[in-house]
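Heads up: the structure comes next, in structure tokens.
Predicted, not measured: the structure shown is a model, and the values here were computed from it.
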Amino acid sequence: MSAQTLPSPTPAVAYYRVSTAKQGASGLGLEAQRAAVLAFVGARGLNLVAETTEVETGTRKRHRPELAAALAQTRRSGAVLLIAKLDRLARNVAFISALMESGVRFIAVDMPEVDNLTVHVMAAVAEREAQLISARTKAALEAARARGTVLGRPENLTHAAQLKGAAVQRETARLAERPLLGYVRLLRDGGHSLRSIARRLNTEGHTTRTGKSFTAVQVSTMLGRAV
């Protein structure tokens, strides 16, 4: 059932996810997710009955107790599960498939009109992009080694090694930012200031590759790296 045809008032359960304990404690990314969900709830006339927040670490990405609780609450109350962004839920096709097979209605607030098939396809694309970024990063590191950069050793503290390491970091950052770059360029070409672009990205729940909120400086750096 799409968001357009949900009966009113429909109960809703919100699920938020941040990927590190530091983000969970500071609220980075979380406030933007909640703002997006609350705006959607208000616009659709839904009844928000529960909110859950998952704080993941590198060792807990497959264990999501808060999501399990949110799904259970959704089933009990006949609610719809709301998430701010599809990539906040998972970049794994099997995970999205399992969610859809659970029978729980869910809506990604940033794309409320899509159906389950479209969500599945988009998840597959996101997963593939993540795999490509990982492969490119490894290739960049291998290229650095081939040029003589010995990563992780004291020799890298020489000026020449630092320059090589910085080049690798710039390339890694550029590749990680590629999925968002087109959107940022579109906003910039449309006359938006760097500050307004950063504010919009944060409001929509986007974060930098390190999980932080965007600033005008970071938007400018992203655009400069892509030249």
Side-chain angles (χ1 to χ4, degrees), residues 14-43 51-58 60-61 66 82-92 107-114 119 122-123 125-137 140 165-227:
Y15 173 73
Y16 312 120
R17 184 179 71 85
V18 289
S19 55
T20 67
K22 182 178 179 181
Q23 288 183 56
S26 66
L28 292 174
L30 182 58
E31 290 184 2
Q33 290 180 58
R34 191 167 189 269
V37 168
L38 292 180
F40 182 82
V41 167
E51 298 175 272
T52 60
T53 301
E54 196 91 74
V55 180
E56 293 183 347
T57 66
R60 292 186 55 198
K61 289 188 175 181
E66 294 302 324
L82 300 180
I83 57 174
K85 286 173 58 61
L86 177 61
D87 64 4
R88 281 288 163 193
L89 186 60
R91 289 191 174 186
N92 183 282
I107 297 175
V109 170
D110 62 330
M111 53 184 74
E113 313 306 333
V114 302
V119 170
M122 295 185 73
V125 172
E127 183 182 50
R128 180 56 177 162
E129 181 63 27
Q131 292 171 346
L132 290 175
I133 289 173
S134 176
R136 292 166 188 155
T137 300
V168 172
Q169 290 179 356
R170 284 194 299 272
E171 179 63 12
T172 300
R174 188 181 68 81
L175 293 173
E177 292 164 352
R178 181 176 293 177
L180 194 58
L181 178 62
Y183 181 42
V184 171
R185 278 177 168 167
L186 183 64
L187 292 175
R188 188 61 169 159
D189 292 343
H192 290 267
S193 68
L194 297 174
R195 186 184 300 274
S196 68
I197 293 174
R199 185 166 51 247
R200 181 162 182 166
L201 293 176
N202 294 331
T203 299
E204 293 176 354
H206 300 286
T207 60
T208 68
R209 66 191 182 93
T210 58
K212 298 180 180 179
S213 298
F214 277 97
T215 65
V217 172
Q218 288 165 324
V219 172
S220 177
T221 300
M222 178 193 297
L223 292 170
R225 260 196 292 259
V227 175

What is the minimum heavy-atom distance between [X] and [Y], and which atoms define it?
X	Y	value
Pro112	Phe40	CB-CE1, 3.5 Å
Leu194	Arg188	N-NH1, 3.6 Å
Val184	Leu201	CG2-CD1, 4.0 Å
Ala216	Ala198	N-CB, 3.8 Å

Quick one: are [X] and [Y] in side-chain contact, heavy atoms under 4.5 Å?
X	Y	value
Gln33	Val18	yes
Thr215	Gln218	yes
Arg34	Leu30	no
Leu187	Val219	no

(request) May I ask you to decide if Val55's main-chain N or O and Glu66's side chain share a donor-acceptor pair within less than 3.5 Å? (result)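 It does not hold such a pair.
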
(message) Using only atom types and a distance under 3.5 Å, with no angle test, would you say the side chain of Thr203 pairs donor to acceptor with the backbone of Arg199?
(response)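 The answer is yes, because a donor-acceptor pair under 3.5 Å joins these two groups.
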
(message) So if I apply the side chain to side chain contact (heavy atoms under 4.5 Å, CB included) rule between Arg200 and each of His206, His192, Arg195, which one comes out positive?
(response) His192

(request) Hey, could you give me the CG/CD distance between Leu82 and Glu51, rounded to the nearest 0.5 Å? (result)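 Taking CG in Leu82 and CD in Glu51, the distance rounds to 10.0 Å.
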
(message) If I take atom CG from residue Asn202 and atom NZ from residue Lys212, how far apart are they, to the nearest 0.5 angstrom?
(response) 13.0 Å

(request) Answer yes if the side chains of Glu54 and Tyr15 hold a donor-acceptor pair under 3.5 Å, and no otherwise. (result) yes

